[in-house]
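Here the structure is a predicted model, which means the values were calculated and not measured.
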Amino acid sequence: MAREWTRLTAHGLQKDLDRITAVMSMLDNGLEIEDYSDLTLNGMYGELMDERLLHADRTKVSVSLYVPEEKNPADALAFLRDRFASLGISVTLDAEGLDEEDWAESWKQYYQPIKLGRVTIVPAWQSYTPAAGEVVVKMDPGMAFGTGTHETTRLVIALLDETLTAGTRVLDIGTGSGILAICARKLGAASVAAYDIDPVAVKVAQDNFRENGCPEITAGVSDLLHGVSTENGLFDLCVANIVAGILTRMAPDLPAYLTPHGQVICSGIVAGQETEVDAAMTRAGFTREKCLTENDWIALLYRKNT
(Lines give C-alpha, C1' and ligand atoms only; values in the text may rest on other atoms or scores of the structure.)
Protein backbone atom coordinates (compact mmCIF):
# COMPACT_ATOMS: atom_id res chain seq x y z
CA MET A 1 0.00 0.00 0.00
CA ALA A 2 1.33 3.43 -0.97
CA ARG A 3 2.27 5.69 1.91
CA GLU A 4 0.31 8.89 2.33
CA TRP A 5 3.33 10.86 3.57
CA THR A 6 7.05 10.97 2.83
CA ARG A 7 9.33 12.06 5.65
CA LEU A 8 12.29 14.20 4.53
CA THR A 9 15.04 14.66 7.12
CA ALA A 10 18.09 16.92 7.23
CA HIS A 11 20.87 15.72 9.55
CA GLY A 12 23.41 18.37 10.52
CA LEU A 13 25.34 20.10 13.28
CA GLN A 14 23.69 21.71 16.29
CA LYS A 15 25.45 25.01 15.58
CA ASP A 16 23.58 25.20 12.26
CA LEU A 17 20.16 24.37 13.71
CA ASP A 18 18.64 27.82 13.21
CA ARG A 19 19.71 27.95 9.57
CA ILE A 20 18.63 24.37 8.90
CA THR A 21 15.16 25.02 10.33
CA ALA A 22 14.93 28.28 8.34
CA VAL A 23 15.53 26.41 5.08
CA MET A 24 13.19 23.53 5.99
CA SER A 25 10.46 26.00 6.97
CA MET A 26 10.51 27.36 3.42
CA LEU A 27 8.65 24.17 2.50
CA ASP A 28 6.63 23.50 5.67
CA ASN A 29 6.25 25.07 9.09
CA GLY A 30 5.27 21.77 10.74
CA LEU A 31 8.81 20.64 11.51
CA GLU A 32 9.99 17.81 13.75
CA ILE A 33 13.29 18.69 15.45
CA GLU A 34 15.65 16.32 17.28
CA ASP A 35 18.11 18.35 19.36
CA TYR A 36 19.63 16.88 22.52
CA SER A 37 22.10 19.68 23.28
CA ASP A 38 20.13 20.85 26.34
CA LEU A 39 19.34 17.37 27.64
CA THR A 40 20.10 16.96 31.35
CA LEU A 41 19.70 14.13 33.84
CA ASN A 42 18.51 16.41 36.62
CA GLY A 43 15.09 15.55 37.96
CA MET A 44 13.40 12.59 39.58
CA TYR A 45 12.75 10.69 36.35
CA GLY A 46 16.26 10.80 34.91
CA GLU A 47 16.79 7.10 35.57
CA LEU A 48 13.84 6.24 33.31
CA MET A 49 15.18 8.12 30.30
CA ASP A 50 15.50 6.23 27.00
CA GLU A 51 19.01 4.76 26.71
CA ARG A 52 19.23 6.10 23.14
CA LEU A 53 18.72 9.66 24.41
CA LEU A 54 21.32 9.25 27.13
CA HIS A 55 23.99 8.46 24.54
CA ALA A 56 22.80 10.79 21.77
CA ASP A 57 25.43 12.98 20.10
CA ARG A 58 24.65 16.48 21.40
CA THR A 59 26.54 18.14 18.57
CA LYS A 60 24.14 16.69 15.97
CA VAL A 61 20.55 17.59 15.10
CA SER A 62 17.87 16.29 12.76
CA VAL A 63 15.02 18.31 11.27
CA SER A 64 12.17 16.56 9.46
CA LEU A 65 9.13 17.56 7.46
CA TYR A 66 6.36 15.50 5.88
CA VAL A 67 5.35 15.69 2.22
CA PRO A 68 1.80 14.55 1.35
CA GLU A 69 1.37 12.12 -1.52
CA GLU A 70 -0.28 14.69 -3.80
CA LYS A 71 2.97 16.69 -3.84
CA ASN A 72 6.32 15.82 -5.38
CA PRO A 73 8.72 14.70 -2.61
CA ALA A 74 11.69 14.48 -4.98
CA ASP A 75 11.32 18.11 -5.98
CA ALA A 76 11.24 19.07 -2.28
CA LEU A 77 14.38 17.00 -1.67
CA ALA A 78 16.21 18.63 -4.58
CA PHE A 79 15.06 22.08 -3.41
CA LEU A 80 16.56 21.44 0.03
CA ARG A 81 19.80 20.11 -1.42
CA ASP A 82 20.15 23.20 -3.59
CA ARG A 83 19.40 25.66 -0.79
CA PHE A 84 21.72 24.01 1.75
CA ALA A 85 24.53 23.97 -0.83
CA SER A 86 23.98 27.65 -1.64
CA LEU A 87 24.20 28.54 2.05
CA GLY A 88 27.24 26.34 2.64
CA ILE A 89 25.43 24.28 5.29
CA SER A 90 26.70 20.72 5.63
CA VAL A 91 23.74 18.34 5.92
CA THR A 92 22.79 14.81 4.97
CA LEU A 93 19.33 14.46 3.47
CA ASP A 94 17.25 11.31 3.44
CA ALA A 95 13.72 10.18 2.72
CA GLU A 96 12.09 7.60 4.92
CA GLY A 97 11.59 4.32 3.13
CA LEU A 98 13.51 5.29 -0.02
CA ASP A 99 17.24 5.43 -0.61
CA GLU A 100 18.61 8.03 -3.02
CA GLU A 101 18.82 5.62 -5.95
CA ASP A 102 15.06 5.08 -5.79
CA TRP A 103 14.31 8.74 -6.36
CA ALA A 104 15.59 8.72 -9.94
CA GLU A 105 12.51 6.75 -11.00
CA SER A 106 9.91 7.09 -8.24
CA TRP A 107 9.51 10.86 -8.52
CA LYS A 108 8.68 10.78 -12.25
CA GLN A 109 5.06 9.82 -11.58
CA TYR A 110 4.53 13.33 -10.14
CA TYR A 111 6.05 15.23 -13.05
CA GLN A 112 3.77 16.19 -15.96
CA PRO A 113 3.96 19.03 -18.57
CA ILE A 114 3.62 22.45 -16.93
CA LYS A 115 2.43 25.50 -18.90
CA LEU A 116 3.92 28.81 -17.76
CA GLY A 117 2.91 31.56 -20.18
CA ARG A 118 4.64 30.93 -23.50
CA VAL A 119 6.84 28.30 -21.86
CA THR A 120 5.87 24.66 -21.34
CA ILE A 121 8.15 22.46 -19.23
CA VAL A 122 7.97 18.88 -20.49
CA PRO A 123 9.52 15.78 -18.85
CA ALA A 124 12.37 14.58 -21.04
CA TRP A 125 10.92 11.06 -21.23
CA GLN A 126 7.54 12.23 -22.62
CA SER A 127 6.59 13.07 -26.20
CA TYR A 128 4.92 16.44 -26.69
CA THR A 129 3.60 18.37 -29.70
CA PRO A 130 3.86 22.14 -29.13
CA ALA A 131 1.31 24.68 -30.30
CA ALA A 132 2.33 27.56 -32.56
CA GLY A 133 4.55 30.00 -30.65
CA GLU A 134 4.92 27.68 -27.67
CA VAL A 135 8.41 27.46 -26.15
CA VAL A 136 9.12 23.90 -25.03
CA VAL A 137 11.79 23.09 -22.46
CA LYS A 138 12.53 19.38 -21.98
CA MET A 139 13.75 18.62 -18.48
CA ASP A 140 15.27 15.67 -16.68
CA PRO A 141 16.44 17.34 -13.47
CA GLY A 142 17.85 14.19 -11.91
CA MET A 143 18.84 15.18 -8.37
CA ALA A 144 19.24 18.90 -9.15
CA PHE A 145 16.60 21.43 -8.16
CA GLY A 146 14.47 22.82 -10.96
CA THR A 147 11.55 20.97 -12.50
CA GLY A 148 9.27 23.97 -12.85
CA THR A 149 6.88 22.67 -10.18
CA HIS A 150 8.09 24.96 -7.39
CA GLU A 151 6.70 28.48 -7.04
CA THR A 152 10.14 30.10 -7.03
CA THR A 153 10.95 28.63 -10.46
CA ARG A 154 7.55 29.48 -11.93
CA LEU A 155 7.80 33.10 -10.78
CA VAL A 156 11.20 33.57 -12.41
CA ILE A 157 9.98 32.04 -15.68
CA ALA A 158 7.00 34.41 -15.63
CA LEU A 159 9.30 37.41 -15.19
CA LEU A 160 11.62 36.18 -17.94
CA ASP A 161 8.63 35.78 -20.26
CA GLU A 162 7.46 39.33 -19.50
CA THR A 163 10.77 41.20 -19.56
CA LEU A 164 13.41 39.38 -21.63
CA THR A 165 14.23 41.02 -24.95
CA ALA A 166 16.18 39.61 -27.88
CA GLY A 167 19.91 40.10 -27.63
CA THR A 168 20.06 40.10 -23.82
CA ARG A 169 23.13 38.61 -22.14
CA VAL A 170 21.96 36.57 -19.12
CA LEU A 171 23.73 35.37 -15.97
CA ASP A 172 22.04 32.55 -14.00
CA ILE A 173 23.34 32.17 -10.43
CA GLY A 174 22.46 28.89 -8.67
CA THR A 175 21.34 27.26 -11.90
CA GLY A 176 20.44 23.84 -10.42
CA SER A 177 19.00 21.78 -13.28
CA GLY A 178 19.60 24.65 -15.73
CA ILE A 179 15.90 25.21 -16.31
CA LEU A 180 16.02 29.01 -16.04
CA ALA A 181 19.09 29.28 -18.28
CA ILE A 182 17.32 27.21 -20.96
CA CYS A 183 14.15 29.28 -20.67
CA ALA A 184 16.17 32.47 -21.05
CA ARG A 185 17.95 31.19 -24.15
CA LYS A 186 14.74 29.93 -25.78
CA LEU A 187 12.95 33.20 -24.99
CA GLY A 188 15.54 35.13 -26.99
CA ALA A 189 18.65 35.70 -24.88
CA ALA A 190 21.74 36.19 -27.05
CA SER A 191 23.90 34.30 -24.57
CA VAL A 192 23.54 32.67 -21.16
CA ALA A 193 26.16 31.83 -18.55
CA ALA A 194 25.02 29.51 -15.76
CA TYR A 195 26.79 28.81 -12.47
CA ASP A 196 26.21 26.60 -9.43
CA ILE A 197 28.22 25.76 -6.32
CA ASP A 198 27.44 22.03 -6.78
CA PRO A 199 29.48 20.25 -9.50
CA VAL A 200 26.74 17.60 -9.80
CA ALA A 201 24.20 20.30 -10.61
CA VAL A 202 26.53 21.77 -13.23
CA LYS A 203 26.81 18.35 -14.90
CA VAL A 204 23.02 17.89 -14.84
CA ALA A 205 22.57 21.39 -16.28
CA GLN A 206 25.05 20.74 -19.10
CA ASP A 207 23.20 17.55 -20.03
CA ASN A 208 19.92 19.47 -20.10
CA PHE A 209 21.43 22.22 -22.24
CA ARG A 210 22.44 19.67 -24.86
CA GLU A 211 19.09 17.88 -24.73
CA ASN A 212 17.34 21.19 -25.40
CA GLY A 213 19.54 22.12 -28.33
CA CYS A 214 21.33 24.82 -26.32
CA PRO A 215 24.91 23.52 -26.04
CA GLU A 216 26.17 27.10 -26.38
CA ILE A 217 25.00 27.92 -22.84
CA THR A 218 28.13 28.00 -20.71
CA ALA A 219 28.15 26.39 -17.27
CA GLY A 220 30.65 26.49 -14.45
CA VAL A 221 31.18 25.91 -10.75
CA SER A 222 31.03 29.09 -8.69
CA ASP A 223 30.32 30.07 -5.11
CA LEU A 224 27.69 32.66 -6.04
CA LEU A 225 29.53 35.44 -7.96
CA HIS A 226 33.08 34.54 -6.92
CA GLY A 227 33.82 32.37 -9.97
CA VAL A 228 31.78 34.28 -12.57
CA SER A 229 33.78 35.42 -15.61
CA THR A 230 33.14 38.79 -17.28
CA GLU A 231 35.93 38.49 -19.84
CA ASN A 232 33.33 38.40 -22.63
CA GLY A 233 31.51 41.42 -21.27
CA LEU A 234 29.04 42.39 -18.57
CA PHE A 235 25.52 40.95 -18.33
CA ASP A 236 22.22 42.68 -19.10
CA LEU A 237 20.19 40.45 -16.78
CA CYS A 238 21.05 38.36 -13.72
CA VAL A 239 18.71 35.62 -12.48
CA ALA A 240 19.17 34.58 -8.84
CA ASN A 241 16.70 32.01 -7.51
CA ILE A 242 18.34 31.43 -4.14
CA VAL A 243 17.21 32.56 -0.65
CA ALA A 244 16.63 36.00 0.86
CA GLY A 245 19.66 35.91 3.17
CA ILE A 246 22.04 35.16 0.31
CA LEU A 247 20.39 37.73 -1.98
CA THR A 248 20.94 40.47 0.61
CA ARG A 249 24.61 39.55 1.03
CA MET A 250 25.15 39.28 -2.72
CA ALA A 251 23.44 42.60 -3.55
CA PRO A 252 26.49 44.91 -3.11
CA ASP A 253 28.53 42.81 -5.57
CA LEU A 254 25.90 42.62 -8.32
CA PRO A 255 26.45 46.04 -9.99
CA ALA A 256 29.99 45.10 -11.03
CA TYR A 257 28.63 42.28 -13.20
CA LEU A 258 25.86 44.24 -14.93
CA THR A 259 25.73 46.67 -17.83
CA PRO A 260 24.35 50.18 -17.18
CA HIS A 261 20.66 49.85 -16.27
CA GLY A 262 21.01 46.07 -16.18
CA GLN A 263 18.27 44.04 -14.48
CA VAL A 264 18.16 41.44 -11.70
CA ILE A 265 15.44 38.88 -10.97
CA CYS A 266 15.50 37.84 -7.31
CA SER A 267 13.50 34.79 -6.23
CA GLY A 268 13.41 32.24 -3.41
CA ILE A 269 11.93 34.92 -1.14
CA VAL A 270 9.34 33.94 1.47
CA ALA A 271 6.56 36.43 2.23
CA GLY A 272 7.80 38.80 4.91
CA GLN A 273 11.42 38.69 3.69
CA GLU A 274 10.96 41.04 0.73
CA THR A 275 11.65 44.10 2.90
CA GLU A 276 15.20 43.03 3.70
CA VAL A 277 15.90 42.12 0.07
CA ASP A 278 14.41 45.39 -1.13
CA ALA A 279 16.52 47.40 1.33
CA ALA A 280 19.73 45.61 0.30
CA MET A 281 19.06 46.06 -3.42
CA THR A 282 18.19 49.73 -2.93
CA ARG A 283 21.44 50.34 -1.04
CA ALA A 284 23.32 48.60 -3.86
CA GLY A 285 21.90 51.05 -6.41
CA PHE A 286 18.84 49.25 -7.80
CA THR A 287 15.21 50.31 -8.28
CA ARG A 288 12.40 47.79 -7.95
CA GLU A 289 10.34 47.48 -11.12
CA LYS A 290 8.02 44.55 -10.51
CA CYS A 291 6.83 42.07 -7.89
CA LEU A 292 5.14 38.72 -8.56
CA THR A 293 3.71 36.44 -5.87
CA GLU A 294 2.42 32.88 -5.68
CA ASN A 295 1.22 31.39 -2.41
CA ASP A 296 3.83 32.51 0.17
CA TRP A 297 6.60 33.09 -2.38
CA ILE A 298 7.79 36.35 -3.94
CA ALA A 299 9.98 37.23 -6.94
CA LEU A 300 11.26 40.76 -7.50
CA LEU A 301 12.59 42.48 -10.63
CA TYR A 302 15.16 45.27 -10.21
CA ARG A 303 16.96 47.66 -12.55
CA LYS A 304 20.40 49.12 -11.93
CA ASN A 305 20.20 52.90 -11.56
CA THR A 306 23.28 53.69 -13.66
Check your understanding: Applying the 4.5 Å side-chain criterion to the ILVMFWY set and letting contacts propagate, would Leu247 and Leu301 be lumped into a single cluster?
Key -> yes

**Study point:** Polar side-chain atom of Ser222 near backbone of Leu224 as donor-acceptor pair, under 3.5 Å
**Key:** yes

Review point. Under the side-chain contact (heavy atoms from CB on, under 4.5 Å) criterion, do Ile173 and Cys238 qualify, and how do the steps go?
Key: CA-CA 7 Å; Ile173 296 296; Cys238 175; 4.1 Å; yes

Check your understanding: Judged by modelled atom types alone, do Asp278 and Tyr302 share a side-chain donor-acceptor pair under 3.5 Å?
Key -> yes

Exercise for review: Would you indicate whether the side-chain heavy atoms of Met281 and Cys266 approach each other to under 4.5 Å?
Suggested key: yes

Review point. Do Phe286 and Leu258 come close enough that some side-chain heavy atom pair is under 4.5 Å?
Key: yes

Exercise for review: Please determine, by modelled atom types, if Glu134 and Thr120 share a side-chain donor-acceptor pair under 3.5 angstrom.
Suggested key: yes

Point to revise | Inter-residue atom distance Arg185.CZ - Cys214.SG, 0.5 Å rounding | key: 6.5 Å

Exercise for review: Determine whether more than 12 heavy atoms belonging to other residues, nucleotides or ligands lie under 6.0 Å from atom CG of Asp296.
Suggested key: no

Check your understanding: Got a second to check how far Ser267's OG is from Trp297's CH2, nearest 0.5 Å?
Key -> 8.0 Å

Review point. Just by modelled atom types, is the Lys138 backbone N or O under 3.5 Å from a matching donor or acceptor in the Tyr128 side chain?
Key: no

**Study point:** Close side-chain approach of Val135 to Leu187, heavy-atom, < 4.5 Å
**Key:** yes

Review point. Which pairs with one or both residues in residues 160-170 pass salt bridge (charged side-chain N to carboxylate O under 4.0 Å, His left out), sequence neighbours excluded?
Key: Arg118-Asp161, Glu162-Lys290

Exercise for review: Search all heavy atoms of Met250 against all heavy atoms of Ala240 and return the closest pair with its distance.
Suggested key: CE-CB, 3.8 Å

Check your understanding: So do the side chains of Cys291 and Thr293 get within less than 4.5 Å of each other, counting heavy atoms only?
Key -> yes

Practice item. Enter the distance from Leu77:CG to Leu93:CG here, rounded to the nearest 0.5 Å. Key: 5.5 Å

**Study point:** Trace of the side-chain contact (heavy atoms from CB on, under 4.5 Å) decision for Met26 with Thr152
**Key:** CA-CA 11 Å; Met26 295 173 75; Thr152 60; over 6 Å; no

**Study point:** Within one Ile-Leu-Val-Met-Phe-Trp-Tyr cluster: Val119 and Leu164, side-chain cutoff 4.5 Å
**Key:** yes

Check your understanding: Does any donor atom in the side chain of Asp236 or Thr259 lie under 3.5 Å from an acceptor atom in the other side chain?
Key -> yes

Check your understanding: Given side chains that start at C-beta, do those of Leu8 and Val67 come closer than 4.5 Å, heavy atoms only?
Key -> yes

Review point. How long is the span from the CG atom in Leu160 to the CG atom in Asp172, to the nearest 0.5 Å?
Key: 8.5 Å

Revision key, fill the gap. Output for pair (Asp198 CG, Phe84 CZ), nearest 0.5 Å, gives 14.0 Å

Review point. For Gln273, does the CD atom sit with more than 12 other heavy atoms under 6.0 Å from it, leaving out its own atoms?
Key: yes

Point to revise | Nearest-0.5 Å distance that lies between atom CG in Asp82 and atom CG in Asn241 | key: 7.5 Å

**Study point:** Heavy-atom closest contact (Thr218 atom, Phe209 atom, distance)
**Key:** O-CE1, 4.4 Å

Point to revise | Trace of the side-chain hydrogen bond (donor to acceptor under 3.5 Å, both in side chains) decision for Arg303 with Thr287 | key: CA-CA 5 Å; Arg303 186 179 293 276; Thr287 298; over 6 Å; no

Practice item. Indicate yes or no: at least one non-hydrogen side-chain atom of Val204 is less than 4.5 angstrom from one of Asp207. Key: no

Check your understanding: Is any side-chain heavy atom of Val63 closer than 4.5 Å to a side-chain heavy atom of Glu32?
Key -> no

Exercise for review: List the steps and the verdict of side-chain contact (heavy atoms from CB on, under 4.5 Å) for Leu171 and Leu237.
Suggested key: CA-CA 6 Å; Leu171 170 63; Leu237 173 65; over 6 Å; no

Review point. Can Leu13 and Val61 be said to form a side-chain contact (heavy atoms from CB on, under 4.5 Å), step by step?
Key: CA-CA 6 Å; Leu13 297 176; Val61 294; over 6 Å; no

Exercise for review: Keeping the roles fixed (side chain from Glu274, backbone from Gly272), state whether a donor-acceptor pair exists under 3.5 Å.
Suggested key: yes

Check your understanding: Does a side-chain heavy-atom distance below 4.5 Å link Val221 with Ile197?
Key -> no

Check your understanding: Which atom pair, heavy atoms only, marks the closest approach of Ala194 to Ala181?
Key -> CB-CB, 4.1 Å

